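All of these numbers come straight from a predicted model, not from anything done at the bench. The analysis underlying the following values was restricted to heavy atoms, covering all of them including side chains, and did not include hydrogens, waters or symmetry mates.
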Amino acid sequence: MAQPMTLSDFESTVAETKQLISDKWGWFLALGIVLLLAGLAAIAFPLLSGIAAKIVLGWLFLIGGVMLIVHAFQAPGWGGFLWELIIGALYVVVGGYLAFFPLTGLLTLTVLIAALFIAEGVFEVIMGFRVRPHEGWGWLVLSGIAALVVGAIIAMGLPESAVWALGLLVGINLLFSGWSYIFLALAGRRAHEEAIATAR
């Protein structure tokens, strides 16, 4: 049985992570730049990046579905056999639809994304007002309003928004990821230079 992580274990893990970033800051910087460029490309060509993201998602569903079906037949005697088989088959059908018919499913996926943003926005606004006057409640409400606005823009722009929405969101996500790795790398470089200066 695995032992729970203690405070000293956590501090040790954090220290090791910081050391890794400090030692390998160049790799973190390179990864950040690649993600940043990929994000810019996704925003510049939103339809292509949307189709690519949808195909990748489809293959993930396909692989997951096949694994569920295989697992169901590996243990046919347990009570969840039929449900696992049905869920696996659904995963395969949805995955195949997303992977092999990328253009036809873009509209459906965009509707789901719009609904997700609207639901997230409502939830965050409610949660923000519930934690008020705790520090940061306003940012939560603002984030919720932003999600509501994005969801509404995508929903009101249908079906035309299906062409750009998914690719744009993928691009923005890649941009944020790229910047976060770049900032990590720069912080690691500073720590590395300070360590060298201290050693002298």
Side-chain angles (χ1 to χ4, degrees), residues 2-67 91 95 98-100 102 105-106 109-110 112-113 116-117 120-121 124 135-140 142-147 149-151 153-154 161-200:
Q3 295 295 319
M5 183 179 272
T6 63
L7 182 59
S8 62
D9 291 338
F10 178 74
E11 288 171 349
S12 173
T13 303
V14 169
E16 287 172 12
T17 304
K18 285 182 178 178
Q19 187 61 48
L20 175 70
I21 294 170
S22 174
D23 292 343
K24 306 288 185 183
W25 69 268
W27 287 103
F28 282 88
L29 182 64
L31 176 61
I33 291 169
V34 168
L35 289 173
L36 199 66
L37 293 173
L40 290 171
I43 290 169
F45 306 102
L47 179 60
L48 289 178
S49 56
I51 291 170
K54 191 171 164 296
I55 290 170
V56 169
L57 186 64
W59 277 104
L60 290 174
F61 271 99
L62 264 174
I63 293 166
V66 169
M67 293 303 291
Y91 268 59
L98 292 172
F100 299 116
L106 269 181
L109 200 55
T110 306
L112 290 174
I113 288 169
L116 177 68
F117 271 106
E120 180 189 356
E124 283 187 348
E135 188 180 344
W137 74 272
W139 288 109
L140 201 55
L142 190 64
S143 172
I145 291 169
V149 169
V150 170
I153 289 170
I154 293 171
S161 60
V163 174
W164 56 262
L166 183 59
L168 183 66
L169 293 171
V170 168
I172 290 169
N173 183 54
L174 287 169
L175 276 179
F176 276 104
S177 297
W179 278 117
S180 65
Y181 277 106
I182 288 170
F183 287 133
L184 269 177
L186 295 176
R189 180 182 175 193
R190 269 195 308 276
H192 185 72
E193 289 171 350
E194 286 169 9
I196 291 172
T198 306
R200 288 177 185 169

task: With side chain to side chain contact (heavy atoms under 4.5 Å, CB included) as the test, would you mind laying out the steps for Phe117 and Leu112 before giving the verdict?
output: CA-CA 9 Å; Phe117 271 106; Leu112 290 174; over 6 Å; no
query: Taking only residues two or more places apart in sequence, or in another chain, which ones meet Arg190 in a side-chain hydrogen bond (donor to acceptor under 3.5 Å, both in side chains)?
result: none
Can you check whether [X] reaches [Y] side chain to side chain, under 4.5 Å on heavy atoms?
X      : Y      : answer
Ile51  : Phe45  : no
Thr110 : Ser161 : yes
Phe61  : Val56  : no
Trp179 : Leu36  : yes

Just how far is it from atom [atom1] of [X] to atom [atom2] of [Y], taken to the nearest 0.5 Å?
X      : Y      : atom1 : atom2 : result
Leu62  : Ile55  : CG    : CD1   : 11.5 Å
Leu35  : Leu40  : CG    : CG    : 11.0 Å
Leu175 : Ser180 : CG    : OG    : 10.5 Å
Leu98  : Leu60  : CG    : CG    : 10.0 Å

query: Under 6.0 Å between the ring centres of Trp27 and Tyr181?
result: no
message: Tell me whether the count of non-hydrogen atoms from other residues, nucleotides or ligands lying under 6.0 Å of CZ in Phe100 goes above 12.
response: yes
query: Would the number of heavy atoms belonging to other residues, nucleotides or ligands and lying under 6.0 Å from CZ of Phe28 be above 12?
result: yes
Closest non-hydrogen atom pair, [X] against [Y]:
X      : Y      : result
Ala42  : Gly171 : CB-CA, 3.5 Å
Gly188 : Trp25  : C-CB, 4.0 Å
Gly39  : Leu174 : CA-CB, 3.5 Å
Ser143 : Glu124 : OG-OE1, 2.7 Å

